[in-house]
A.B. asks: 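Have a look at the structure that comes next, please.
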Amino acid sequence: MDSTSKPHHHSHRRHRWRCCVLISAAVLLFVALLLLVLGLTVFRPRHAVTTINSVHLAGLRAGLDVPNLGVDLNVTLDLDITASNPNHASFRYGNGSADLYYRGNLVGEAAIPPGEVAAGGSVRTEVLLTVMAGRLIGKSAVYADVISGSLPFTTTTEIPGRVTVFGVFKHHMVTSSTCDIVVNVRNRSVENTDCKYKTKL
């Protein structure tokens, strides 16, 4: 009786072991497919956006050297920036940059420190951009612009970062902004701010 029951007992154990393996594999496959579907739908990456809330004139000094048609110019702009994250996971960004251009020439730059924006949240920061000494020397257009009372500048910002979903799906993106502004020398203010925003995945 014992000899005939042993094969049946071993067969029953093998059957149970196979069922456990199949069920475990099915559960793992289901979880993997569920995570994949969520990652591509509900948790699909959305564009983080860097917005320029305002540009203020923090400092202005313009001295004319009439005989030599030169200008002693010092301009400092205060950029109020908001980084917004519409994703269901946090957006971590590294060192960003802000640049200041005068008629296509780089005349100032500043660093944007790294940080993190919570899921569905936003982070606000300020960046000061100052015209570097000597960057405008020899540019004849500066003298004419100061005399006219309007100085055209362009500011750009770029912030690289990534969104990680479930600790597995990593989505890298770079948010950037470009603003064309006019500094009114007589009123000592910023006018005609026109900004454009872009995010690259």
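Please read all numbers here as calculations on a predicted model, not as lab measurements.
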A.B. asks: Of Val142, Asp99, Val131, which meets side-chain contact (heavy atoms from CB on, under 4.5 Å) against Val107?
C.D. replies: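 Among the candidates, only Val131 passes.
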A.B. asks: Could you list the residues that satisfy side chain to side chain contact (heavy atoms under 4.5 Å, CB included) with Asn192, not counting sequence neighbours?
C.D. replies: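 Residues passing side chain to side chain contact (heavy atoms under 4.5 Å, CB included) with Asn192: Val182.
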A.B. asks: Given 3.5 Å as the limit, does a donor-acceptor pair link the side chain of Asn85 with the main chain of Asn87, or not?
C.D. replies: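 Such a contact is found between Asn85 side chain and Asn87 backbone.
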A.B. asks: Could you walk me through whether Thr82 and Thr51 pass side chain to side chain donor-acceptor pair (under 3.5 Å), step by step?
C.D. replies: CA-CA 5 Å; Thr82 294; Thr51 306; over 6 Å; no
A.B. asks: Excluding sequence neighbours, so at least two apart, what forms ring-ring contact (aromatic ring centres under 6.0 Å, His included) with Phe153?
C.D. replies: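 Only Tyr102 meet the ring-ring contact (aromatic ring centres under 6.0 Å, His included) criterion with Phe153.
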A.B. asks: Quick one: side chain to side chain contact (heavy atoms under 4.5 Å, CB included) partners of Ala48, sequence neighbours excluded?
C.D. replies: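 Ala48 satisfies side chain to side chain contact (heavy atoms under 4.5 Å, CB included) with Phe91, Met173, Thr175 once adjacent residues are dropped.
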A.B. asks: Checking Lys196 now: which residues fulfil salt bridge (Lys or Arg N to Asp or Glu O under 4.0 Å) with it, not counting sequence neighbours?
C.D. replies: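 Here the qualifying residues are Asp194.
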A.B. asks: Please check this pair: side chain of Tyr101 against backbone of Thr156, looking for a donor-acceptor N/O pair closer than 3.5 Å.
C.D. replies: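 Absent.
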A.B. asks: Not counting sequence neighbours, which residues clear salt bridge (Lys or Arg N to Asp or Glu O under 4.0 Å) with Glu109? List them please.
C.D. replies: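 For Glu109 there are no salt bridge (Lys or Arg N to Asp or Glu O under 4.0 Å) partners, ignoring immediate neighbours.
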A.B. asks: Which pairs with one or both residues in residues 139-188 pass disulfide (SG to SG under 2.5 Å), sequence neighbours excluded?
C.D. replies: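 Every pair satisfying disulfide (SG to SG under 2.5 Å) with a residue in residues 139-188: Cys179-Cys195.
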A.B. asks: Arg162 side chain to Arg92 main-chain N or O, any donor-acceptor pair under 3.5 Å?
C.D. replies: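 No, because the side chain of Arg162 does not come within donor-acceptor range (under 3.5 Å) of the backbone of Arg92.
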A.B. asks: Give a yes or no on whether the backbone of Arg186 and the side-chain of Asn184 come within a donor-acceptor separation of less than 3.5 Å.
C.D. replies: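 Between the backbone of Arg186 and the side chain of Asn184 there is a qualifying donor-acceptor contact (under 3.5 Å).
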